[in-house]
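Notes follow the structure.
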Amino acid sequence: MRVKLFRHAWGAVGPDFPWRSLVDLTRSAAEEGYDGVEFSLNDFNKESGNIEENQAEFRALLDELNLEFMPLVSTQTEQWHDAKGHLASFKAQIEQLKSWPVSKACVHAGADSFDDKTAVSFFKDATLIARDAGIEPCFETHRQRPFFNPFRTVRLLEALPDIQLTADFAHWLPVLERIPYDLEEHFEICTARTGHIHARIGHNEGPQIPDPRDPVWDPFTEIHEKWWDMCVEAAKARGEDIGIAPEFGPFPYTINLPHTQTPISDLTEIVAWMSERLRQRYC
């Protein structure tokens, strides 16, 4: 069993970010000792000209650097409550991934407005579509999606006994507006069903603390690390590998100063610091 460290591309790639392209980020990730990279094919397609040719070159680069690829799948529809539209969006993205060396995918799918019956049906159908393509979907505990809070997540997991989560518990802190010491049983259930982790630290008023190096945020860091430990231990008990990405993101997750829009902390430094902390703890 291994804990694999992934470098995410969110807030890292583009003309105003540290890396000009996904290729640059990927080469840097290999040099920094990551096990893989994490981004959406939609992002890749936006920066590629000849998409099919560039995809082949990028897959060859991953092979050359011995890096894994964790794709991000995010369903979008014109009408947010449209379950058929979300499923069609999901299927189209899974089809694109068939030619990539992918075993798991991090998935933002469905809508918070789905009732339980619709959500269960949607996740069953989506899981079958992904597994038919040889991909294990890990559905993220993200706001705006059906798994946006621990109460509903546990209820849905009981009806969906064989699906996995991407644990991004930072999203639940502002939903709950507290450190949920009272929900240990809920987190035991959710961490036992986690196949991938987004290691960002939330707080009771937002999905990302400004800087995890500041001791004022230690209570939030400690509770998140407890949850990540539980995810890792559960994966170890199953005999399965698990991925983890230090997914601190750009504005408005990172706070900017008014008027100048200068970030109050250096995102690249924070991700590097958190990566090393995760590496020492798990890898």
Side-chain angles (χ1 to χ4, degrees), residues 4 6-10 36-45 68-77 80-114 116 118-150 152-157 159-172 175 189-200 207 231 234-235 240-245 247 249:
K4 300 176 180 178
F6 286 82
R7 185 34 163 121
H8 67 288
W10 177 41
V37 289
E38 179 179 295
F39 58 83
S40 165
L41 278 191
N42 290 334
D43 293 334
F44 181 90
N45 294 341
E68 296 189 23
F69 173 44
M70 174 63 71
L72 300 177
V73 175
S74 180
T75 63
Q76 302 294 330
T77 62
W80 192 242
H81 62 274
D82 178 12
K84 290 183 179 179
H86 280 282
L87 194 64
S89 175
F90 179 81
K91 186 174 183 179
Q93 291 174 73
I94 293 296
E95 284 293 320
Q96 289 186 64
L97 289 170
K98 283 184 175 180
S99 61
W100 286 75
V102 171
S103 59
K104 284 185 178 181
C106 174
V107 181
H108 294 196
D112 50 6
S113 57
F114 288 177
D116 283 6
T118 301
V120 168
S121 177
F122 172 82
F123 286 120
K124 284 182 176 178
D125 290 344
T127 299
L128 285 174
I129 289 169
R131 289 179 179 165
D132 282 347
I135 299 170
E136 183 63 33
C138 298
F139 298 102
E140 186 165 338
T141 60
H142 204 290
R143 292 167 300 154
Q144 196 181 55
R145 306 296 185 173
F147 294 124
F148 70 93
N149 72 56
R152 192 170 194 221
T153 299
V154 167
R155 192 166 69 243
L156 291 175
L157 289 179
L160 296 159
D162 66 341
I163 73 166
Q164 290 195 338
L165 300 174
T166 291
D168 192 343
F169 297 133
H171 286 285
W172 286 356
V175 173
I189 292 169
C190 296
T191 56
R193 300 282 293 277
T194 294
H196 189 60
I197 302 168
H198 276 173
R200 190 180 62 258
C231 294
E240 297 177 4
D241 294 343
I242 189 169
I244 187 165
E247 201 213 23

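Keep in mind the model is a prediction, meaning the values are calculated, not measured. Just so it is clear, the values below take in all heavy atoms, side chains as well, and ignore hydrogens, waters and symmetry mates.
Here the straight-line distance linking atom CD of E38 with atom CG of L72 works out to 4.5 Å at 0.5 Å rounding. The distance from the CZ atom of F123 to the CG atom of L128 is 13.5 Å, given to the nearest 0.5 Å. The CD1 atom of I163 sits 5.5 Å away from atom OG1 of T127, with the distance rounded to the nearest 0.5 Å. Here CD1 of I244 is found 14.0 Å from NZ of K4. Values are rounded to the nearest 0.5 Å. Between the NE2 atom of H142 and the CZ atom of F148 there is a distance of 13.5 Å, given to the nearest 0.5 Å. Here the OG-CD distance, from S113 to Q144, works out to 9.5 Å after rounding to the nearest 0.5 Å.
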From CA spacing to verdict: salt bridge (charged side-chain N to carboxylate O under 4.0 Å, His left out), D168, R145: CA-CA 12 Å; D168 192 343; R145 306 296 185 173; over 6 Å; no
Steps toward side-chain contact (heavy atoms from CB on, under 4.5 Å) verdict (I135, V73): CA-CA 12 Å; I135 299 170; V73 175; over 6 Å; no
Derivation of the side-chain contact (heavy atoms from CB on, under 4.5 Å) call for C106 and H198: CA-CA 9 Å; C106 174; H198 276 173; 3.6 Å; yes
Trace of the side-chain contact (heavy atoms from CB on, under 4.5 Å) decision for D112 with R143: CA-CA 8 Å; D112 50 6; R143 292 167 300 154; over 6 Å; no
Step-by-step side-chain contact (heavy atoms from CB on, under 4.5 Å) determination, W10 to D43: CA-CA 9 Å; W10 177 41; D43 293 334; over 6 Å; no
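The minimum heavy-atom distance linking I242 with C231 is given by the pair CD1-O, 3.9 Å. The heavy-atom pair separating Q96 from L41 by the smallest distance is CB-CD1, 3.7 Å. Considering all non-hydrogen atoms of both residues, A126 and F90 come closest at O-CE2, 3.1 Å. Closest non-hydrogen pair, T153 versus N149, comes out as OG1-O, 2.7 Å. The two atoms that bring F122 and L87 nearest to each other are CE1-N, 3.5 Å, heavy atoms only. The two residues P146 and A109 make their nearest non-hydrogen contact at CD-O, 3.3 Å.
Between W100 and F39, the angle of the ring planes goes over 60°, which puts this pair in the perpendicular group of the 30/60° scheme.
Of the possible donor and acceptor atoms, one in the side chain of W172 sits under 3.5 Å from a partner among the backbone N and O of F147. The backbone N or O of G110 sits less than 3.5 Å from a side-chain atom of T75, completing a donor-acceptor pair. Distance alone, capped at 3.5 Å, places no donor-acceptor pair between the H196 side chain and the T166 backbone. Side-chain N or O atoms of H86 include one that pairs as donor or acceptor with a backbone N or O of W80 at under 3.5 Å. Using a distance-only test at 3.5 Å, with no hydrogens or angles considered, no donor-acceptor pair links the side chain of S89 to the main chain of G85.
Of the charged side-chain nitrogens involved, at least one lies within less than 4.0 Å of a carboxylate oxygen, so that E136 and R131 count as a salt-bridged pair.
With sequence neighbours excluded, the residues forming a salt bridge (charged side-chain N to carboxylate O under 4.0 Å, His left out) with E247 are R200, listed by chain and number.
Sorted by first and then second residue, the pairs that involve residues 83-100 and meet salt bridge (charged side-chain N to carboxylate O under 4.0 Å, His left out), not counting sequence neighbours, are E95-K98.
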